[in-house]
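Below is one structure; the comments refer to it alone.
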Amino acid sequence: MLNLIIVIAVVLILAILVTVFRVITLVNVAKGEGSKSVPPTNRINALLLMLFLIAGLFGFFYFSFGGLQDDFVLPLASEHGAVTDRLFWITMGITCFVFIVTQIFLFGFAYKYQHKEGNKADFYPHNNKLEVIWTAIPAIVLALLIVSGWKAWSDITGKAPDNAEVIEVMGYQFSWSVRYPGADKSLGDSDFQKMDVTNSMGIDFTDQASFDDFIPTQLVLPKGRPVLLKIRAKDVIHSVFQPHFRMQMNAVPGMPTRFWFVPTKTTEEMREETGNPDFNYELVCNKICGYGHFGMKYSILVLEADEYDQWYADQQAWLKLNDDYLSEVPDNLKEAARIAAGIDNVISVDKADKALVSN
Amino acid sequence: MSVADIQIEKDLHHDGHDDHHEQSFISKYIFSTDHKTIAKQFLITGIFWALIGGGLSVIFRLQLGFPDMELYWLKPLLGKWITAEGKIDSEFYLALVTMHGTIMVFFVLTAGLSGTFANFLIPLQIGARDMASGFMNMLSYWFFFVSGVIMFISFFLETGPASGGWTVYPPLSALPQAIQGSGAGMTMWLVSMVFFIASTLLGGINYITTIINMRTEGMSFTRLPLTVWALFLTAILGLLSFPVLVAAALLLVFDRSFGTSFYLSDIYIGGEALPHIGGSPILYQHLFWFLGHPEVYIVILPALGITSEIISTNSRKPIFGYRAMIGSMLAIGFLSFIVWAHHMFVTGLNPFLGSIFMFLTLIIAVPSAVKAFNYITTLWRGNIKFTTAMLFSIGLVSFFISGGLTGIFLGNSALDINLHDTYFVVAHFHLVMGSAAFFGMLAGVYHWFPKMFGRMMDERLGSIHFWLTFVGVYLVFFPLHYIGIAGFPRRYYSFTSFDAFQTFTDLNSFVSIAAALTFFAQFIFLFNFFYSIFAGRKASLNPWKSNTLEWTTPRLPGHGNWPGAIPKVFRWAYDYSKPGAKDDFIPQTVPLSETPESNLPNEVEEAKAEAKK
Ligand code: HEM
Ligand SMILES: [Cu+2]
Ligand SMILES: [Cu+2]
């Protein structure tokens, strides 16, 4: 019933609108407006264009320079980010200049050269000199931007320094895993066919380098040291994105990728800088990956280098925490694995110890 | 003119009359082979899809702007996709985004724009009686129609429509385990797209053939209106790039259904390792963007062509730099094929390739800039009439500049590291491609409505529609730049999970309100459009005092377009306000020999030669 009333009301309103509109149109026809070659709204539209230009530029400056509730420039926390930020703001300066000038010309000309009775437009079909000028100038400016962008890009994507901390990051629906190489500073192999519920990163325990690898619940980074992230994905494409570090690299199943950078501020320092005692760096997934895409985060902790080393030394090998997987280690390497992972020789004693501790 | 030609024309003319009497409703309005009717079919279908695509965006903007709002009232429309808590299901959100992008890019701004104006304008502006093959042209529409029907049905599937983003990257789009929409919904997406591509190719072949072979006497390439040039190059781009999308889609079909591994490798999902080994998801992205980048020019070039025509006519001035305009379109067309990997800077692409593609991408900015400068110079010292079409064209140029400039950031691979897949990208492409092309389409409708339907649209309502839409679009998309610089990722259902994205909640609500208002402002257009078809003021033959050939046809051109012989062409399309001429326009059909008072020095010789014939 209600629906019917709504439908009838809508139809009635439409009918009234049409009728009113029809009457206005007929009045205008009677006034002979249709035969005029210039739209009746010409002048007001020219004014509005001018008004739009002024209001638009005002709004643009107001909101770009502090008129927003929040700051849109995120604090920076990586070395290469300083380079790209500089380039970003140079580009911003150039484009904003062009933006403002061209919009002023566009709307300004539209206003200035609005139709006036008796005026005649200039027959001005071309001017090759002008065309050359405004082909050459953008070309030169863009060439400069290309060169500086290219230099920055080559440095960022170039080979990581040899002393870089190597850390593996793996994306999966809908979270991340990170693996550190352990004391030997060398990541063991992995294989997607070795993955299961527990060994979710598919560590391959036939590779000696894997014995001391550890998998913490948080991505911990040292301040001031180059960090090389080796990135892969388990199921679909994800993207390792961290806006404060100005870094992003896709995580692609079947095609490992990498990104290296140097964090420049610890979490603690960022808390002070932002005045937010709860500040945490977050790893953001930035490639559509399913229903949980928008919640696919991981926390990142940046420590001073010495704190980091301390933390690193305190971690326990994954193999130690999951010693069932010793069975996957080839027999001739089992002893080496126990030593590397820090597993006591007699497993039953180890378990008894744990029981004692928990009591 | 040879005797044979005259004979053919007589026949055609004769045919025209027969048709007039015998055509049934079906062959006249439904399975019509008349390019003008087909154009209208494309237009109406395009408008239908624009409403759906726009409606979807309003729904997902509600979620983004008001994440706490209870949406039970949408249940009658969305059914089970509204969860028990009254929220949009987060997976369905992705489906909405995917369908919105697909519909807008392909159905509205490719078929709706090119389909309408290539069909309508090419024969009328080059002086042809119809397309080279009316039958293929009709097929082109009906393939598009079928493709739309399939896409539409996919909304009602149990598992929902495709939901991997409009770019449908595998493995997400290949694995129903990864997202429901990659089940039947994705299958239907692929089938629909194959029909769509067939439609585009049938149309494109026709447009190219017609333009090359069927220009009237005197209509040399250097006298073609820029609309036709733009539509010509668009069709060529489509013909060269869309088949690659078919290939990409076909390999995806194989991976999905027949166990091949073109795009899949090393995947562990749903508790099992899949047997695929050796494929590369990145291969798909290369294939997709080989179409995808030319596609953005397929979308924007016709809009730019339309704008050239409208700005010149309403400034009462020749378009500035006609040859430079053609040159820049050629350059854009060529370069658009070798910049695709700028969409892939952070996929792990070889950094050296990244450098090359950055270089090529920034080069393409040059011809684009030239076009913008030429539009602005065309306004300079004009005598401008702000018809609604003109307002939309000026709006287009404004968007093209605003959105084009942000491309300089994104094309720079070093900057793209931090901007890729953020709202900065959403702001960029909505301005430069989405809104600019959309405005081109609206400008075209307002400008050629009198020729399509023989009546005028209301200019006052047109102005209101323009202002609400123009201001609305800037209010929706400009703020997204700020959100993007702050690092907000796109395709996010909500920003509540991250500390870093707790900001800008008010701005997001503001954008959503602006989006809804802008969307509803389009109903003013709809009213004006449909009302004027039936009851608009009757149009005069050449209401805008324009030079091009379509304005020499009768008010309602029949099958065959001109009742008598096809007019000949003696000059370019832009003789506006020529010094010495008594009117401020000289149609292309006026011989130089009849206008000695206004001929330029180089035209005097030509006029003599003409007179001798
Ligand atoms: C009512 C006007 C429109 C609004 C409010 C709107 C809003 C949006 C928003 C907010 C997104 C991003 C969603 C996300 O990433 O989570 C989006 C995506 C998109 N829009 Fe629009 N849009 C509008 C019109 C258009 C038009 C005219 C086009 C034509 C080109 C278009 C093309 C796209 C495309 C291609 C995407 C990307 C889809 C994807 O990520 O797969 N939109 N739109
Ligand atoms: Cu993800
Ligand atoms: Cu592109």
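In what follows, every chain begins at residue 1, and chains take the letters A, B, ... in the order their sequences are listed.
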ask   = Could you go step by step and tell me if Thr503(B) and Gln69(A) meet the side-chain hydrogen bond (donor to acceptor under 3.5 Å, both in side chains) rule?
value = CA-CA 8 Å; Thr503(B) 48; Gln69(A) 67 189 33; over 6 Å; no

note = Output for pair (Lys112(A) NZ, Arg381(B) CZ), nearest 0.5 Å, gives 8.0 Å

query = Is a donor on one side and an acceptor on the other found under 3.5 Å between the side chain of Asn383(B) and the backbone of Lys116(A)?
reply = yes

inquiry  = For a side-chain contact (heavy atoms from CB on, under 4.5 Å) check, start with the C-alpha distance between Ser64(A) and Tyr482(B), then their side-chain angles and the critical distance, and finish with the verdict.
reply    = CA-CA 8 Å; Ser64(A) 300; Tyr482(B) 301 118; 2.8 Å; yes

ask   = Counting only N and O atoms by type, is there a donor-acceptor contact under 3.5 Å from the side chain of Asn119(A) to the main-chain atoms of Ile384(B)?
value = no

request  = Give the minimum heavy-atom separation between Lys578(B) and Lys120(A), together with the two atoms involved.
outcome  = O-NZ, 3.3 Å

inquiry  = Angle between ring planes, Phe52(A) versus Trp467(B), binned at 30° and 60°: parallel, tilted or perpendicular?
reply    = tilted

remark   = For Leu175(B) and Asp235(A), the nearest pair of non-hydrogen atoms, with its separation, is CD1-O, 4.4 Å

query = Just by modelled atom types, is the Leu419(B) backbone N or O under 3.5 Å from a matching donor or acceptor in the Gln248(A) side chain?
reply = no

query = Side chain, backbone, both or neither: which part of Asn127(A) has an atom under 4.5 Å from a heavy atom of chain B?
reply = both

remark   = The interface call for Tyr172(A) against chain B, heavy-atom contacts under 4.5 Å, is neither

query = Which bit of Ile156(A) is near chain B, if near means a heavy-atom gap under 4.5 Å: side chain, backbone, both or neither?
reply = side chain

message = For Thr377(B) and Tyr124(A): C-alpha separation, side-chain torsions, deciding distance, then whether side-chain contact (heavy atoms from CB on, under 4.5 Å) applies.
response = CA-CA 9 Å; Thr377(B) 316; Tyr124(A) 188 52; 4.2 Å; yes

message = If you apply the rule side-chain hydrogen bond (donor to acceptor under 3.5 Å, both in side chains), what do you find for Glu282(A) with Ser497(B), and how did you get there?
response = CA-CA 10 Å; Glu282(A) 293 155 314; Ser497(B) 313; over 6 Å; no

ask   = For Leu130(A), is it the side chain, the backbone, both, or neither that has a heavy atom closer than 4.5 Å to a heavy atom of chain B?
value = side chain

ask   = Of the backbone (N, CA, C, O) and the side chain (C-beta and beyond), which part of Ile146(A) lies under 4.5 Å from a heavy atom of chain B, both, or neither?
value = both

task = With a 4.5 Å cut-off on heavy-atom pairs, point out which of Phe259(A), Tyr291(A), Phe72(A) contacts chain B the most.
result = Phe72(A)

request  = Check whether Thr157(A) gets within reach of chain B through its side chain, its backbone, both or neither, counting any heavy atom under 4.5 Å.
outcome  = both

Donor-acceptor under 3.5 Å (Glu459(B) side chain, Thr41(A) main chain) = no

query = Nearest heavy-atom pair of Met249(A) and Gly348(B): which atoms, and what distance?
reply = SD-N, 3.5 Å

request  = Find the one option among Asp575(B), Leu415(B), Ile179(B) whose heavy-atom pairs under 4.5 Å with chain A are most numerous.
outcome  = Leu415(B)

ask   = Between Tyr113(A) and Trp380(B), what is the ring plane arrangement, given parallel below 30°, perpendicular above 60°, and tilted in between?
value = perpendicular

Contacts table for residues 263-270 of chain B: side-chain donor-acceptor under 3.5 angstrom, sequence neighbours left out:
| residue | atom | partner | partner atom | Å |
| --- | --- | --- | --- | --- |
| Tyr263(B) | OH | Ala248(B) | O | 2.9 |
| Ser265(B) | OG | Gly278(B) | N | 3.0 |

Parallel, tilted or perpendicular, as decided by the 30° and 60° cut-offs, for the rings of Phe60(A) and Phe478(B) = perpendicular

